[in-house]
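Working notes for the structure below.
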Amino acid sequence: MTVLAHEIMTPSIKAVPQTWTMERLARFLTDNDIAGSPVTDDSGEIVGIATLKDITEFRWNATRNDADAELTPEEQQEARRLRMAIFEEMGKVPVEVRDIMTPSVLSVDESTPVKDIADIMMKEHLHRIFVTKDSKITGIITTYDMLKLISDKALTQRCADE
């Protein structure tokens, strides 16, 4: 018997509004001990996903530039100083979740076999994927949920029998 998405998904989804600041998102993710969250628009529709990686990449990109390799050490130091000044000024204007989120949302139906989900997650390098029923998001499957297949003997056996 095939193991399906609805059997391993996490049904409760903690979504955040796209208008939250990046700092508020970071606090939310940390407080809830999660690495990412769906992002909703004003009408509550999911429009993307924001993760700790998005926050890190935003901050990292504000302090470095690949073009620096072509500069002299003095020019690199000046470029870094200017980027830091700009980043400091940007800090005065809150960066919103919509500015850092990944706008694409991949999903699978509740009846999708977990083997297919694993293939999608591996191919797309995803750590989480939404689960839908009748085009409405009903849950999320994360890499942690996929690990349940290994730790649960009954699920492991069902996967092996496929």
Side-chain angles (χ1 to χ4, degrees), residues 1-66 83 86-152 154-156 158-159 162:
M1 180 193 241
T2 303
V3 181
L4 305 177
H6 71 88
E7 297 178 77
I8 67 163
M9 73 179 193
T10 300
S12 58
I13 301 175
K14 296 177 178 172
V16 300
Q18 64 183 354
T19 55
W20 272 14
T21 64
M22 184 172 59
E23 284 74 19
R24 185 169 181 189
L25 170 67
R27 260 193 326 276
F28 173 82
L29 295 175
T30 303
D31 290 348
N32 287 282
D33 197 28
I34 55 178
S37 178
V39 179
T40 57
D41 63 13
D42 295 337
S43 64
E45 292 295 314
I46 294 181
V47 294
I49 189 158
T51 65
L52 290 171
K53 181 181 176 190
D54 294 323
I55 295 169
T56 303
E57 285 179 351
F58 177 83
R59 293 198 182 275
W60 173 255
N61 289 333
T63 60
R64 70 177 278 281
N65 187 338
D66 291 335
R83 275 196 310 280
I86 292 168
F87 186 65
E88 211 173 286
E89 288 301 311
M90 286 172 57
K92 295 176 184 174
V93 177
V95 175
E96 292 185 342
V97 171
R98 74 174 105 226
D99 300 322
I100 65 165
M101 72 178 194
T102 302
S104 61
V105 179
L106 284 178
S107 64
V108 295
D109 187 80
E110 284 187 351
S111 61
T112 305
V114 295
K115 165 75 171 88
D116 296 349
I117 296 167
D119 290 344
I120 293 167
M121 291 175 79
M122 291 296 291
K123 180 181 176 212
E124 299 295 329
H125 302 278
L126 300 175
H127 290 277
R128 61 197 60 75
I129 192 165
F130 296 114
V131 181
T132 61
K133 181 177 183 178
D134 301 325
S135 300
K136 295 288 182 191
I137 293 180
T138 57
I140 190 168
I141 293 177
T142 66
T143 48
Y144 178 79
D145 295 313
M146 295 299 277
L147 287 172
K148 291 176 191 175
L149 296 171
I150 298 168
S151 65
D152 184 309
L155 287 175
T156 303
R158 283 176 53 198
C159 287
E162 286 181 30

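Below, all heavy atoms of this structure are taken into account, side chains as well, without hydrogens, waters or symmetry copies.
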What's the shortest heavy-atom distance between [X] and [Y], and which atoms?
X: L29; Y: S37; value: CD2-CB, 3.9 Å
X: K148; Y: T10; value: NZ-OG1, 4.4 Å
X: I46; Y: P38; value: CD1-CB, 3.8 Å
X: K14; Y: N32; value: NZ-OD1, 3.1 Å
X: F28; Y: A15; value: CZ-O, 4.5 Å

How many angstroms lie between atom [atom1] of [X] and atom [atom2] of [Y], to the nearest 0.5 angstrom?
X: R98; Y: D41; atom1: CZ; atom2: CG; result: 9.5 Å
X: M146; Y: L155; atom1: CE; atom2: CG; result: 11.0 Å
X: L147; Y: D152; atom1: CG; atom2: CG; result: 12.5 Å
X: I140; Y: S107; atom1: CD1; atom2: OG; result: 11.0 Å
X: M22; Y: M101; atom1: CE; atom2: CE; result: 15.0 Å
X: D31; Y: I34; atom1: CG; atom2: CD1; result: 10.0 Å

H127 atom NE2, neighbour heavy-atom count above 12 within 6.0 Å: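 No.
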
Using a 4.5 Å cut-off on heavy atoms from C-beta on, say whether the side chain of [Y] contacts that of [X].
X: V3; Y: I8; value: yes
X: I137; Y: V131; value: no
X: I100; Y: I55; value: yes
X: R158; Y: E7; value: yes
X: C159; Y: V114; value: yes

Are T40 and E45 linked by a side-chain donor-acceptor pair shorter than 3.5 Å?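 E45 and T40 do not have a side-chain donor-acceptor pair below 3.5 Å.
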
D109 and T112 side chains, donor-acceptor separation under 3.5 Å: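 Judged by distance alone, the side chains do not pair up.
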
Carboxylate-amine/guanidinium proximity below 4.0 Å for [X] and [Y]:
X: D119; Y: K123; answer: no
X: R27; Y: E23; answer: no
X: E110; Y: K136; answer: no

Under the criterion side chain to side chain contact (heavy atoms under 4.5 Å, CB included), which of L4, T142, T138 is the partner of M9?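 Looking at L4, T142, T138, the match for M9 under the side chain to side chain contact (heavy atoms under 4.5 Å, CB included) is T138.
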
Quick check on side chain to side chain contact (heavy atoms under 4.5 Å, CB included): which of V108, I141, I49 does F130 satisfy it with?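 For F130, the side chain to side chain contact (heavy atoms under 4.5 Å, CB included) test succeeds with only one of V108, I141, I49, which is I49.
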
Quick one: does T156's side chain have a donor or acceptor within less than 3.5 Å of a partner on L149's backbone?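 Checked: pair present.
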
